[in-house]
Structure formats: structure tokens, C-alpha cells
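Okay, structure first, notes after.
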Amino acid sequence: MAIQVYNTLTRKMEEFEPLHGNRVNMFVCGVTPYDYTHLGHAKTYIAFDTIAKYLRYRGYSVFYIQNVTDVDDHLINRSKETGESEAELAEKFFKLFIEDMTALGMDSVNLYAYATEHVPEIVEQIEGLIKKGYAYESNGSVYFEVGKFSEFGKLSKQVLEKLRPGARVEVDENKRNPEDFALWKAEKPGEPTWDSPWGKGRPGWHIEDTAIAMAYFGEQYDIHGGATELIFPHHESEVAQAEALTGKKPFVKYWLHTGVLNVKGEKMSKSLNNFWRVQEALEEYEPDVLRFFLVNAHYRSPVDYTDEVLEEAKQGYERLVETVQNVRFALKMQAKDERTSEDDEVDKAVKEVMQKFEESMDNDFNTREAISHLFTFSTKVNAALSKGLTRESLEGVLKAYRTIGDVLGLFKKGIEKEDVVDGLMEFLVEMREKAREEKNFEVSDEIRDRLAKIGILLEDTKDGPRWKKR
RNA sequence: GCCCGGGUGACAGAGCGGCUAACGUGACCGACUGCAGAUCGGUUUUUUGGGGGUUCGACUCCCUCCCCGGGCACCA
């Protein structure tokens with residue numbers, strides 16, 4: 001079965017067939033690094049990180065580019081506030097973005113392409129658009145003439161005439177029509193500029209994406225991702241620019257859009273000032289819990305963020321991690337030599353969970369459903385664990401968690417080996433066991449309580465005591 | 001006003017033209033335990049926003065109304 005993806009361009013589920021065999025060219029709208037990354041950004045980037053990981057798992061060779069908008073109004077304004085240059089600000093916040101996202105397990109991007117490093121490509125595209133009659137120069141700026149591109153609106157399903165009422169289009173006497181958008185903005189005092197055939201200036205918002213994408217992918221490519229809020233005008237304008245320039249359609253075969261993160265029913269955003277920085281979130285929750293929270297919803301669904309929902313994610317995720325730790329513990333303490341029917345059951349469950357995981361992910365990357373199979377699997381594993389399993393079965397289970405965990409970006413902590421604290425803990429556990437044998441529960445409980453205070457949980461099981469970091 | 005989503009149990013949230021409406025969280029009961037924890041088994045509430053239509057059969061498809069969110073030239 002092939003992968004099915006929901007394409008915003010057609011508003012339908014489609015079979016995923018890349019343009020060039022095994023190669024998948026994927027572009028996702030990156031950040032404008034003028035401020036801290038918040039959970040809303042994370043939702044989108046974690047979604048596409050997971051999608052890239054799954055495509056690679058399925059054998060595709062994915063070339064994943066994220067652009068970095070390191071010149072724009074936000075950066076210029078922020079620079080005026082803080083006195084730092086646009087370049088300094090961009091570097092600082094991009095670095096923080098990478099730190100935050102790395103903490104959340106984003107590591108699938110092949111290339112971060114800076115807008116300012118692609119000015120020649122941008123200029124070349126604009127020249128091409130002027131030559132073809134889709135763009136015009138006016139007082140040092142260049143605008144795309146939307147009315148010339150008859151298919152404008154096909155991605156967002158907008159009709160140009162009906163967009164005008166209520167629209168807050170910037171008034172600009174340099175434009176021929178209010179809906180025209182800037183490809184090149186003429187120099188303004190105090191702003192960073194580059195040379196161009198139209199004098200000094202800087203790129204408009206939409207052009208960097210098409211210039212960068214074409215520089216690396218050619219005139220058409222497979223996947224363009226971003227949040228739904230970007231469909232109009234940003235992605236619509238990209239389609240117009242690219243297809244007007246090359247005449248090749250479609251510019252992008254599959255448009256994928258993530259639902260936004262809401263807070264109390266409203267979009268998390270800087271302008272509403274209801275955002276939660278990734279850094280702040282990381283102070284309260286394990287990175288894995290945050291990632292679990294984000295992938296435990298379908299990427300297209302909007303997600304409402306509340307304390308309750310995050311707490312629920314924490315509980316649920318810990319249950320899965322607990323299972324992984326149960327298996328590791330069993331591997332250490334009580335792996336059996338002889339196979340029993342329990343082993344057959346577990347082996348079957350492993351095959352089943354892998355198959356169902358793929359089915360769910362094939363269905364438009366349905367991570368939510370994939371995770372539901374993981375819960376069912378965990379229940380089966382835990383049940384079988386009490387009866388004992390062979391080393392082979394236990395390792396098979398771990399491998400399933402590792403494989404699925406690698407795609408979803410989870411379970412890194414639960415699966416990796418514990419550190420040198422092991423020896424020390426062994427000693428403490430032994431001492432406590434002695435006390436328990438002597439029914440000296442005062443001492444045994446004190447050891448456990450003190451450990452609990454430093455975040456180590458000690459549990460007595462029928463196969464002996466075990467400990468874990470909270 | 002226009003375009004796009006969505007309305008399902010206490011909460012969160014999938015799926016499917018007919019099968020017990022998944023999975024999770026919460027609550028409760030039981031097993032296990034010196035206690036705790038983890039785990040397992042079980043219970044818990046939904047005729048799927050209102051109305052109409054298509055169909056032998058609709059939560060699922062169509063129409064209409066109501067409500068919520070996103071976009072309408074800032075934005076992940």
C-alpha cells in the first residue's frame with residue numbers, strides 16, 4: 001500500500017508518488033528569527049520532522065530544506081528597538097530556534113537556506129517575471145501583478161474579486177492594483193539593502209521561498225509544508241510566482257498544512273501575546289513529553305493547549321516509557337531460556353504493531369492512530385511480562401519501540417542504557433533489601449523516601465527491586 | 001461579506017455506508033504488595049450540534065440552520 005497524503009491543492013487524499021522515483025524534495029517554511037520559538041512553531045516543525053522521518057523509514061531519499069527569513073519587517077523593527085543589527089538578531093534567534101527544536105528531537109532538515117544568501121537567485125527570478133510581463137517596476141520596487149495570473153486563488157480557493165471587501169490591503173500608490181504584492185522593496189533609510197537592477201533594496205516576503213526551492217529542486221518539486229495560516233497569501237503567492245515564471249504546473253505536487261496550536265480557543269501567536277516559549281515549556285516538562293503531546297494529534301488538526309491536556313500527555317507518555325523500562329528490567333533480571341506460548345503471543349503482537357503503525361502512518365501520517373496501537377501493544381507486553389519471556393522476544397519488543405520511537409522522535413531516554421550511577425544504586429538497593437529481610441521497614445522506607453526526594457523511584461517487584469529516574 | 005476546517009462520552013480525541021463508536025486521561029472495584037509504586041483484569045457515561053433528504057440501513061453521503069476555530073494581503 002502506498003502512502004496517502006491530504007493535498008491542500010486538491011482538497012483530497014492522494015496517493016503519494018514523488019516526481020523523481022525515490023527522491024523526495026521537501027520544503028517547509030522556516031522561521032523569521034526575530035524572537036523566541038514558541039510551542040505553536042514547534043507543532044509545525046515537529047510535524048514535518050516526523051513526516052520526513054517516516055518517509056525515510058519507508059525508503060525515500062528525502063532532501064528537506066527549511067528557509068530562514070533573515071531579512072523582513074519584524075527583524076528591522078526589532079533591530080531598531082534593541083540596537084542589534086538584523087544579522088546579529090537573526091543569528092541569535094536562529095541559534096535558539098535550533099537549540100529548542102533539537103531538544104524536541106528535530107534533526108531531519110538537510111539544509112537551512114538563508115534568504116540573504118540567495119539574493120542573486122531572487123533577483124534573477126524577479127527579472128524573469130518582469131520579462132514575462134507578470135511583474136512591473138515602480139519607483140525602485142517591483143510588484144507582482146496578481147490580475148495577470150488567471151489561476152490566482154487556486155490553492156486557497158479564493159476568488160480575487162471577493163477578497164477585496166474587508167481586506168486590509170496596505171495602501172501604496174506605487175502599486176497598480178491593491179492586491180499586487182512586492183517582489184522587491186526599494187531602499188528605505190536605515191534598512192539593510194542589496195544591489196539590484198532596480199537600485200538598492202531588499203526581497204519581498206514570498207519570493208525567497210520560490211527562489212530557494214528552484215535553486216535546489218528545479219522548477220517543480222514534491223512537498224511544500226507550512227501551517228494553515230500561510231496558505232493565503234503566502235503560499236498562494238508562491239504558486240503564482242513560480243508558475244507564472246516557468247509555466248510548469250503544478251509548482252508543488254503536494255501542499256501539506258498543519259493545524260495551528262490554540263490557547264483557550266484562540267491561535268497561539270505573538271500578536272495575541274498568549275504564546276508559550278519552548279524554553280519555558282521545557283522548564284516544566286520533559287522534552288519527550290512535549291514532543292509526545294505534539295505528535296499525539298493528527299498534524300492537520302488544530303490542537304488546544306491547556307495544562308490538563310499536557311498533564312494527560314505526560315501520564316500517557318509515561319505509561320509507554322514505563323513499559324519500555326519494564327522490558328529492559330525483565331531483560332536484565334528474568335529472561336527465560338525456554339520459549340512458551342507467551343513468546344508466540346508477544347512475537348505476534350510485535351508484528352501486528354509494526355504493521356498497524358505503518359498502516360496508520362501511510363494514512364496521511366496519522367500519528368495519533370499510530371500511537372493508539374502502541375498503547376494496545378504496551379498492554380499486551382505488560383501482561384505477558386508477568387509470565388516471563390525469552391531474551392529474543394524481549395529484544396523483539398524493544399526493537400519495535402526503538403523503530404517506532406525513532407520515527408516519532410520518542411523513547412530515546414527509555415531505551416538507552418543507564419549510566420554509572422548503576423553501581424551506586426546497586427549497593428543502596430542491596431542495603432535496603434537486607435533491612436527488609438530483617439523486617440526493618442523503618443530503614444528500608446527511609447532509603448526509599450530519601451531516594452524519592454532526589455528523583456529516584458524505587459519499586460519492589462516480584463522479580464526483585466528496581467529503580468528509575470523520574 | 002467571502003474562502004477553508006471542525007462540532008462524537010466527565011475530559012481529550014480517532015475511525016467507518018451495516019460489526020462491542022478506537023486509544024488515552026480521570027473516577028471506581030478487584031488481583032498483586034509489609035507499605036508504596038508499577039502492572040494486569042473489570043466497571044463507568046455517548047442513538048456522534050439541530051432539522052430535513054438519499055438509502056434496506058447514516059456518526060459516516062447530500063441540503064439547510066446554529067455554534068466554534070483559521071484565513072482574507074503581518075504570522076509556523
Side-chain angles (χ1 to χ4, degrees), chain A residues 8 11 28-32 37-48 66 69 72-74 77 97 146 153 156-170 178-182 205-206 225-234 236-237 257-262 265-272 296-298 300-304 306 308-309 311-320 322-323 325-326 329 360 363 366 368-376 378-387 436 439 441 444-445 448-449 452 457-462 466 468:
Chain A
T8 305
R11 311 275 161 169
V28 172
C29 285
V31 282
T32 302
T37 316
H38 63 64
L39 267 189
H41 302 122
K43 180 178 186 293
T44 291
Y45 296 117
I46 293 311
F48 286 108
Q66 250 183 49
T69 307
D72 95 315
D73 293 346
H74 294 290
N77 293 336
F97 164 73
V146 169
S156 57
K157 312 292 174 221
Q158 299 286 346
V159 182
L160 199 51
E161 292 70 41
K162 290 188 176 168
L163 272 169
R164 288 174 187 173
R168 38 188 173 121
V169 185
E170 135 196 20
E179 65 271 20
D180 294 348
F181 58 86
W205 177 30
H206 315 300
T228 50
E229 65 188 7
L230 293 179
I231 295 172
F232 191 89
H234 187 48
E236 193 68 63
S237 303
H257 289 100
T258 56
V260 293
L261 185 69
N262 291 322
E266 275 185 319
K267 186 176 75 167
M268 178 180 284
S269 74
K270 296 207 174 108
S271 46
L272 286 168
N296 194 211
H298 186 96
R300 278 195 282 125
S301 310
V303 168
D304 212 56
T306 58
E308 290 73 29
V309 164
E311 206 50 46
E312 185 187 318
K314 186 181 166 184
Q315 294 305 323
Y317 182 62
E318 275 175 6
R319 194 170 118 70
L320 296 177
E322 189 69 40
T323 307
Q325 288 175 336
N326 289 345
F329 181 69
S360 296
N363 183 18
N366 195 339
R368 169 93 193 181
E369 195 182 82
I371 286 169
S372 81
H373 298 312
L374 212 48
F375 275 108
T376 307
S378 294
T379 301
K380 285 183 192 166
V381 168
N382 278 317
L385 229 37
S386 63
K387 289 163 188 147
R436 289 181 73 219
K439 302 236 183 278
F441 295 124
S444 68
D445 284 358
R448 188 172 58 189
D449 290 348
L457 225 63
L458 229 157
E459 299 171 347
D460 298 314
T461 77
K462 70 182 171 65
R466 60 182 286 198
K468 59 194 170 199

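Please read these numbers as outputs of a predicted model, since none were measured by experiment.
Nearest to the side-chain atoms of A:Glu179 among the listed nucleotides B:G70, B:A73, B:G15 stands B:A73. Distance from the side chain of A:Asn366 is smallest for B:G15 among the nucleotides B:A76, B:G70, B:G15. The A:His41 side chain lies nearest to B:A76 when the options are B:G70, B:A14, B:A76. Ranking B:A12, B:C4, B:U39 by closeness to the A:Lys157 side chain, first place goes to B:C4.
The aromatic rings of A:His206 and A:His234 are tilted relative to each other, their planes meeting at an angle between 30° and 60°.
The OG1 atom of A:Thr306 sits 8.5 Å away from atom CD of A:Glu312, with the distance rounded to the nearest 0.5 Å. Atom CG of A:Asn366 is separated from atom CD1 of A:Ile371 by 9.5 Å, given to the nearest 0.5 angstrom.
Here the separation of B:A76 from B:U39, taken at their C1' atoms, is 40 Å to the nearest Å. Using atom P as the reference point in both B:G70 and B:U25, the two lie 30 Å apart (nearest Å). Taking atom C1' on both B:G9 and B:U47, the two are 13 Å apart, rounded to the nearest angstrom. B:U48 and B:A14 have their C1' atoms separated by 12 Å, with the value rounded to a whole Å. Comparing the same atom, P, in B:C19 and in B:A36 gives a spacing of 44 Å after rounding to whole Å. The separation of B:G42 from B:G51, taken at their C1' atoms, amounts to 40 Å, rounded to a whole angstrom. Nucleotides B:G15 and B:U44 place their P atoms 26 Å apart, quoted to the nearest Å. Separation of the C1' atoms belonging to B:A21 and B:G13 is 12 Å when rounded to the nearest angstrom.
Going from atom CG of A:Asn262 over to atom C1' of B:G13 covers 15 Å, rounded to whole Å. Rounded to whole Å, the distance from CD on A:Gln158 to C1' on B:A73 is 10 Å. Here the P atom of nucleotide B:A38 and the CG atom of A:Leu385 are 16 Å apart, to the nearest Å. Atoms CZ (A:Phe232) and P (B:G5) sit 16 Å apart, rounded to a whole Å. To the nearest angstrom, P of B:C4 lies 19 Å from NZ of A:Lys267. A straight line from CG of A:Asp304 to C1' of B:G70 spans 13 Å, rounded to a whole angstrom. The distance from atom CG of A:Asp449 to atom P of B:G37 is 12 Å, rounded to the nearest whole Å. B:C40 atom C1' lies 13 Å from atom CD of A:Glu322, rounded to whole Å.
In terms of heavy-atom proximity, A:Arg300 sits nearest to A:His257 at CG-O, 3.4 Å. Smallest separation of non-hydrogen atoms from A:Lys43 and A:His298: NZ-O, 4.5 Å. Between A:Leu320 and A:Leu374, the shortest heavy-atom contact is CD2-O, 3.9 Å. Listed here is the closest heavy atom pair of A:Arg436 and A:Phe441: O-CE2, 4.2 Å. The two residues A:Tyr45 and A:Gly30 come nearest to each other via the heavy atoms OH-C, 3.0 Å.
As judged by a 4.0 angstrom heavy-atom cut-off over every strand, A:Thr37 is placed among residues making no nucleic acid contact. If you check every strand for non-hydrogen atoms under 4.0 Å, A:Glu236 touches nothing. As judged by a 4.0 angstrom heavy-atom cut-off over every strand, A:Leu261 is placed among the base-contacting residues. Contact annotation for A:Leu230: backbone-only contact, meaning every heavy-atom pair under 4.0 Å involves sugar-phosphate atoms and none involves a base.
Comparing A:Gly30 and A:Arg300 by the nucleotide of RNA chain B whose heavy atom lies nearest to each, the residue mapping closer to the 5' end is A:Arg300. The residue among A:Val146 and A:Ala42 whose nearest nucleotide of RNA chain B lies closer to the 5′ end is A:Val146.
A:Ser378 has no side-chain polar atom (N or O) that falls below the 4.0 Å cut-off from OP1 or OP2 of B:U39. OP1 or OP2 of B:C40 has at least one side-chain nitrogen or oxygen of A:Asn382 nearer than 4.0 Å.
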Whether each nucleotide of nucleotides 20-36 of chain B has a protein heavy atom under 4.0 Å at its base (B), only at its sugar-phosphate (S) or at neither (-) is summarised, 5' to 3', as --BBBSS-------BBB
### Message
side-chain contact (heavy atoms from CB on, under 4.5 Å), that's the test. Do A:Phe97 and A:Gln66 meet it? Break it down for me.
### Response
CA-CA 12 Å; A:Phe97 164 73; A:Gln66 250 183 49; 3.6 Å; yes
| request: Might you work through the side-chain contact (heavy atoms from CB on, under 4.5 Å) test for A:Thr258 and A:Phe48, ending with a clear yes or no? | output: CA-CA 9 Å; A:Thr258 56; A:Phe48 286 108; 3.5 Å; yes
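In this structure a side-chain-to-backbone donor-acceptor pair under 3.5 Å is present from A:His41 to A:His38.
Where pairing requires Watson-Crick or G-U contacts shorter than 3.5 Å, the helical stems of RNA chain B with at least three consecutive pairs are B:1-7 with B:66-72, B:26-31 with B:39-44, B:49-53 with B:61-65.
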